[in-house]
Q: 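For reference, the structure I am asking about is given below.
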2 protein chains.
Amino acid sequence: MAKAVVPEEARRRRRPTRQGTVLSEKLIVETALRMVREHGSAGLSARRLGAALGADPSTLYRYFEGMDGLTLAMGEELIGRALAGWAPTGRWRDDLRALGLRIHGAYLAHPQAALLTTSRVTGRPREIAADEAILGILRGAGFGDEDAVRIYHAYIDQSLAFAALDAGPLALTDEARASDEERWESTYARLPADDYPNIAATAGLLASRMPHSAYPVALEMLLETAERQLADAGD
Amino acid sequence: MAKAVVPEEARRRRRPTRQGTVLSEKLIVETALRMVREHGSAGLSARRLGAALGADPSTLYRYFEGMDGLTLAMGEELIGRALAGWAPTGRWRDDLRALGLRIHGAYLAHPQAALLTTSRVTGRPREIAADEAILGILRGAGFGDEDAVRIYHAYIDQSLAFAALDAGPLALTDEARASDEERWESTYARLPADDYPNIAATAGLLASRMPHSAYPVALEMLLETAERQLADAGD
DNA sequence: AGTTAAGGTCAATGGTGTTGGCATAAGACC
DNA sequence: GGTCTTATGCCAACACCATTGACCTTAACT
């Protein structure tokens with residue numbers, strides 16, 4: 001193999017590129033995340049990333065095993081950012097709400113990475129830390145182990161699932177996204193009331209609500225049911 | 001514009017390709033779904049689809065507005081399959097549960113297509129039919145328009161979001177999927193109880209529950225909250 | 001039978017990820 | 001400080017990709 005990826009710790013020679021930048025895994029991941037954020041997921045390509053870094057595209061392959069590897073590294077970084085600076089308050093429902101919105105938000109800030117990352121179990125430190133924290137909140141609130149695991153599962157998967165779903169539109173080209181959003185007004189608002197009475201009756205509400213994420217509502221509904229189950233069990 | 005897409009109904013001339021196939025929107029979508037199922041989502045390209053159909057890639061642009069349009073059509077087909085043969089019972093909670101599981105299941109049957117499709121608004125007939133049906137169930141149950149739309153939004157997005165999330169692992173190679181699943185036993189079950197008391201206490205439950213979809217549980221929690229809100233409003 | 005244009009094909013454009021070979025300078029060693 | 005090794009960046013090339021415009025054939029309507 002002519003090109004083997006060298007682990008970051010083992011790098012010794014830091015040779016600047018022709019344009020003067022000194023590369024590192026960290027710099028590359030951060031630049032990639034910034035590009036995705038600023039120019040949409042279509043804006044990220046080996047060539048453009050190389051150009052942004054002032055380096056030849058092929059140089060990236062000295063740091064990551066292809067664009068997939070780079071994307072996974074971006075996902076790792078996102079988990080870290082979601083948890084950074086978070087501290088529990090002791091009120092379980094508030095804590096779960098805040099944590100959920102943080103995770104959802106961190107992924108949404110980088111849709112491209114979110115799409116490729118959310119359904120993988122990495123087993124890496126920061127993912128484990130998040131799981132431990134959530135289970136701790138639930139068990140601390142008084143849920144039995146069985147209930148805690150059941151709710152934890154629904155909670156974490158729902159958070160990731162909505163992150164991926166909501167990331168979808170953001171990962172599209174501006175054009176495709178605009179046309180999707182507009183569809184609620186251009187198509188749904190014009191359906192004949194005879195054939196589609198329910199859509200017609202709620203067209204205005206739909207058009208204003210659908211382009212936004214349903215995650216907060218779904219999260220609240222989940223927490224509501226959990227709280228009630230806790231109360232019922234306590235009786 | 002040299003190439004305008006002609007709507008399926010308006011097509012009159014059915015000229016066979018050089019290799020003898022007679023194209024149609026239906027045939028193309030079905031072939032695309034089959035390709036995605038057999039070769040993964042990366043296996044779908046205009047060139048390969050053209051080859052599979054025995055037609056020049058550019059011919060596809062007479063039927064769809066680019067690959068994006070084809071993707072939307074695939075999503076529409078999946079929704080249609082979910083709805084086919086379904087009939088409401090009149091018990092709203094049962095109906096929503098059954099419909100949700102159907103949609104979830106239809107997408108999971110084509111994991112790679114689900115990943116491409118779930119976050120798109122197609123505005124095509126069968127998607128509209130599904131939306132009309134769901135809104136009808138909710139409004140028929142007695143929910144006010146505002147509540148109906150809020151719950152509809154959370155409900156449909158939750159179904160699609162879990163479909164996409166659960167499709168992720170299925171879209172992986174058998175190898176990668178097995179290693180992801182095994183990670184609950186190989187990594188999580190072996191964490192030191194001192195550092196990770198909550199994971200350690202529930203390791204067995206986690207390993208048995210996590211590899212399965214959380215959708216049914218999450219759906220039930222959503223329906224539970226909805227029912228309670230309906231009861232509260234009725235007082 | 002003649003006309004029209006739908007619906008095929010071909011060729012070209014400018015993008016993509018990725019790889020093998022090469023050159024050069026960074027750091028180790030004497 | 002001089003020399004050597006090799007890590008790391010660069011270049012050129014490959015095989016794909018979506019998409020478009022020009023062209024041609026022939027089915028279907030008059």
Q: In whole angstroms, how far is the P atom of dT8(D) from the CG atom of L23(A)?
A: 11 Å
Q: Starting at atom CG of L44(A), determine the distance to atom C1' of dG17(C), rounded to an integer number of angstrom.
A: 12 Å
Q: Contact class for R47(A) (heavy atom, under 4.0 Å): base, sugar-phosphate, or nothing?
A: base
Q: Using side-chain heavy atoms (C-beta onward) and a distance below 4.5 Å, is L96(B) in contact with L222(B)?
A: no
Q: Can you measure M67(B) atom CE to dT19(D) atom C1' for me and round it to whole angstrom units?
A: 10 Å
Q: Answer yes or no: does a side-chain N or O of Y61(B) lie under 4.0 Å from OP1 or OP2 of dG8(C)?
A: no
Q: Looking only at the side chain of A46(A) (C-beta and beyond, no hydrogens), which of the listed nucleotides dC17(D), dT18(C), dC11(D) gets closest?
A: dT18(C)
Q: Would you mind telling me which of dC17(D), dT19(D), dT19(C) lies closest to the side-chain atoms of S45(B)?
A: dC17(D)
Q: Rounded to the nearest Å, what distance is computed from the CD1 atom of residue I28(A) to the C1' atom of nucleotide dT8(D)?
A: 12 Å
Q: Can you identify which nucleotide, out of dC23(D), dT18(C), dC17(D), has its nearest atom closest to the R62(B) side chain?
A: dC23(D)
Q: Report the nucleotide, chosen from dT9(C), dC11(D), dT18(C), that has the shortest atom-to-atom distance to any side-chain atom of D56(A).
A: dC11(D)
Q: Round to the nearest Å and state the distance from L60(B) atom CG to dT20(D) atom P.
A: 13 Å
Q: Please state how far atom CG in L49(B) lies from atom C1' in dG8(C), giving the value in whole angstrom units.
A: 16 Å
Q: Salt bridge between E30(B) and R34(B), side-chain N to carboxylate O under 4.0 Å?
A: no
Q: Are any of Y63(B)'s side-chain N or O atoms less than 4.0 Å away from OP1 or OP2 of dG7(C)?
A: no
Q: At less than 4.0 Å, is any side-chain N or O atom of S58(B) found next to OP1 or OP2 of dG8(C)? Yes or no.
A: no
Q: Between R120(B) and D68(B), is the closest basic N to carboxylate O distance under 4.0 Å?
A: yes
Q: Do the non-hydrogen side-chain atoms of E77(B) and R126(B) ever get within less than 4.5 Å of each other?
A: yes
Q: Send over the distance from F64(A) CZ to dT19(C) P, rounded to a whole Å.
A: 16 Å
Q: Within this structure, what is the CZ-to-C1' distance between R48(A) and dG14(C), rounded to whole angstrom?
A: 13 Å
Q: Does a side chain donor of either Y215(B) or D157(A) reach within less than 3.5 Å of an acceptor in the other side chain?
A: no
